[in-house]
Amino acid sequence: MPELPEVEVVKRSLAKKIQNLIIKKVKINDDKLRFRVNKKKILKLEGLRLKGIERRSKFLIFFFDESYLMLVHLGMTGKFFFVNKSKKIHKTSFYYNIDKKKDRKHDHIIFFLEKKQKLIYNDVRKFGFIKIIKLDDFKSNIHLKYLGPEPLKKNYNFKYFKKYIKGKKRPVKNLLMDQKFVSGLGNIYVNEVLYLSGVKPMRKVKNLKNTEIKKIILFTKKILRDAIKFGGSSIKDFSTIYGKKGTFQQHFRVYGKKGEKCSNTDCNKSIIKINISNRGTFYCSRCQK
DNA sequence: AGGCATGTTACAGG
DNA sequence: ACCTGTAACATGCC
């Protein structure tokens, strides 16, 4: 499910639950994730204590003793589940029922922790990945070094935006999705940001007015903060009682709302869906200029 | 049956 | 060399 808010929510719950625990054993059920899991490296985590977890963009970074880091990207469907001795799933992530074979089929990596507790990495589509790196290689890591600023930080601002778009002519939606420009936004939140900013997704960045740029920046920060507050967005309606659902999907104004009435009370248009770069793009033709 | 899906990236083409 | 868009990855759901 993961764009920045979802990854942040996962990070917080993970940190609360498994901080300072020792990894007793690592089991690999399937190493064919987005990149093959390096068995030799991941086994080095056995016996190490988890010192902390951080988020950068949509990445989770687990810090261990001995200067080892575990870099995790959840892709489209990657999830962590925490399981304790009585098999109760702690509310670490979203939908999953450990008693359902269908769900367990996608448990690819299992970390056995102290006190018979487990952390499971489950990923239906296997677009996520797990890499073990040394602290020294952290800054130069290929996945991290080209990332743009965190959208919630101060360096994502008007000045940066203006400078970056100089000479560029791509659609504003593609720009916002580009992790090199700003890191952490995905398709859902970009659709929402552009609706609130009153800007059509296909507008070329060179034609954006300064007032529009300012709105885009402000609403980006607002939406992400709100989404985190609501526990992220959970799109699909699974039936398990385990796992915590975010509720920010209830606040979507355009994403997935094709044909529905624009939420602006003085507008009688319906939300349109088009494709931009193979991604579902939702907008209101009246409220977005 | 076919289209669609919250992400990234290798590659092709301008 | 740079910029941009597309296809591919794996699986399940509607």
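Lettering of chains follows the sequences in order, A, B, ..., and the numbering in each one begins at 1.
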Return yes if the base of B/dT8 and the side-chain atoms of A/R34 contain a donor-acceptor N/O pair under 3.5 Å, otherwise no. yes
Expressed in angstrom and rounded to an integer, what is the separation of [X] atom [atom1] from [N] atom [atom2]?
| X | N | atom1 | atom2 | answer |
| --- | --- | --- | --- | --- |
| A/L224 | B/dT6 | CG | P | 17 Å |
| A/K105 | C/dG12 | NZ | C1' | 9 Å |
| A/L33 | B/dT8 | CG | C1' | 14 Å |
| A/L74 | B/dG7 | CG | C1' | 10 Å |
| A/Y164 | C/dC3 | OH | P | 8 Å |
| A/M202 | C/dT4 | CE | P | 18 Å |
| A/N191 | B/dA5 | CG | P | 10 Å |
| A/Y189 | B/dT6 | OH | P | 13 Å |

For the pair [X] and [Y], find out whether any cationic side-chain nitrogen is under 4.0 Å from an anionic carboxylate oxygen.
| X | Y | answer |
| --- | --- | --- |
| A/D136 | A/K134 | no |
| A/D178 | A/R170 | yes |
| A/E150 | A/R56 | yes |
| A/R203 | A/E212 | yes |

Taking the side chain of A/F35 as heavy atoms from C-beta outward, which of B/dA5, C/dT4, B/dT9 is closest to it? B/dT9
Shortest side-chain distance from A/E3, nucleotide among B/dG7, B/dT9, C/dT4: B/dG7
Quick check: [Y] with [X] (ring centres under 6.0 Å apart)?
| X | Y | answer |
| --- | --- | --- |
| A/F35 | A/F127 | no |
| A/H143 | A/F129 | yes |
| A/F62 | A/F80 | yes |

Is A/K258 touching bases, backbone alone, or none of the nucleic acid, heavy atoms closer than 4.0 Å? nothing
Using a 4.0 Å heavy-atom cut-off, does A/P5 contact any base of the nucleic acid, only the sugar-phosphate backbone, or nothing at all? nothing
Contacts under 3.5 angstrom, residues 250-261 of chain A side chains, donor-acceptor by atom type, not counting sequence neighbours:
from   : atom 1 : to     : atom 2 : distance (Å)
A/R253 : NE     : A/S263 : OG     : 2.8
A/R253 : NH2    : A/S263 : OG     : 3.3
A/K261 : NZ     : A/C267 : O      : 2.7

Looking only at heavy atoms, which two atoms of A/S57 and A/Q179 are closest? And how far apart? OG-OE1, 3.4 Å
Between A/Y164 and A/K168, is there a cation-pi geometry (under 6.0 Å to ring centre, at most 45° from the normal)? yes
Looking at A/F158, I'd like to know if the NZ or CZ of A/K214 sits under 6.0 Å from its six-membered ring centre while staying within 45 degrees of the ring's axis. yes
Does a nitrogen or oxygen in the side chain of [X] sit under 4.0 Å from OP1 or OP2 of [N]?
| X | N | answer |
| --- | --- | --- |
| A/K169 | C/dT4 | no |
| A/H73 | B/dT8 | yes |
| A/K168 | C/dC2 | no |
| A/H143 | B/dT9 | yes |
| A/K204 | C/dC3 | no |

Are A/Y121 and A/I110 packed together at the side-chain level, in the sense that at least one heavy-atom pair is separated by less than 4.5 angstrom? no
According to a hydrophobic-cluster definition based on side-chain heavy atoms being under 4.5 Å apart (Ile, Leu, Val, Met, Phe, Trp, Tyr only), do A/L71 and A/F138 belong together? yes
Below 4.0 angstrom, which residues in residues 120-127 of chain A have at least one non-hydrogen atom near DNA chain B? A/R125, A/F127
Taking only the P atom of each, what is the distance from C/dG12 to B/dT8 in whole angstrom? 22 Å
Using the C1' atom as the point on both nucleotides, what is the distance between B/dT6 and C/dT4, in whole Å? 23 Å
Numerically ordered, the residues 271-285 of chain A set in heavy-atom contact under 4.0 Å with DNA chain C is A/S277, A/N278
Does anything in residues 173-183 of chain A reach DNA chain C, meaning a heavy atom under 4.0 Å, and if so which residues? A/N174
Kindly write out the residues that satisfy side-chain hydrogen bond (donor to acceptor under 3.5 Å, both in side chains) with A/R104, not counting sequence neighbours, or none if the list is empty. none
What distance do A/F111 atom CZ and A/L45 atom CG have between them, rounded to the nearest 0.5 Å? 6.5 Å
The correct list of stems in which DNA chain B takes part (3 or more consecutive Watson-Crick or G-U pairs, distances under 3.5 Å) is B:2-5 with C:11-14, B:7-14 with C:2-9
